[in-house]
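A short worksheet on the structure shown next.
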Amino acid sequence: ERAVEIHGDDVRFADDALRWLRSRPWPGNVRELEQTVQRAVLMLETSEIRARDLEELPRFEADAAAAGDPLPPPGAMTLDEIERAMIEKALGRFDGNITRTAEALGLTRQALYRRLEKYDLGDEDGG
């Protein structure tokens with residue numbers, strides 16, 4: 001099916017995106033596929049995902065460097081700065097919902113809370 005609901009967002013996959021997803025080997029199992037789709041929904045903020053969108057997503061497989069990831073060049077940002085920026089973006093995307101943010105980032109709620117504390121991103125209302 002081309003349209004799905006992911007984390008409360010209605011997302012449509014263009015035919016070329018479905019072909020791209022089917023063409024990948026997904027050596028990390030279904031979880032890797034799921035995380036790729038979640039990253040797409042989180043980062044792209046669009047209602048229709050195309051193959052070029054998926055191809056440009058930051059990937060964490062061994063061949064990511066060879067694939068030309070759209071990450072900042074080495075030295076432009078530290079890993080902490082990149083992680084903080086992604087957490088802030090995810091929190092904004094999911095209106096501060098910790099469970100949905102953690103799921104989208106592939107973290108447990110406890111791991112996300114530790115990072116929120118590390119980067120002083122705690123919420124103001126205590127909950």
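Residues: numbered from 1 along the sequence shown.
Going from atom CG of Leu112 over to atom CD1 of Ile98 covers 5.0 Å, rounded to the nearest 0.5 Å. Atom CE of Met86 sits about 6.5 Å away from atom NZ of Lys89, to the nearest 0.5 Å. Between the CD1 atom of Ile82 and the CD1 atom of Ile87 there is a distance of 12.0 Å, given to the nearest 0.5 Å. Between the CZ atom of Arg12 and the CZ atom of Arg50 there is a distance of 10.0 Å, given to the nearest 0.5 Å. Between the CG atom in Leu105 and the CZ atom in Arg93 there is a gap of 12.0 Å [rounded to 0.5 Å].
With sequence neighbours excluded, the residues that form a side chain to side chain contact (heavy atoms under 4.5 Å, CB included) with Arg84 are Glu88, Tyr119, Leu121. Every residue meeting the side-chain hydrogen bond (donor to acceptor under 3.5 Å, both in side chains) condition with Arg109, not counting sequence neighbours, appears here in chain and number order: Thr99, Tyr113. Residues forming a side chain to side chain contact (heavy atoms under 4.5 Å, CB included) with Glu117 (at least two apart in sequence, or on another chain): none.
Judged purely by atom type and a 3.5 angstrom limit, Arg115 uses its side chain to pair as donor or acceptor with the backbone of Ala111.
For Asp53 against Glu48, the heavy-atom pair with the smallest separation is OD2-O, 3.9 Å.
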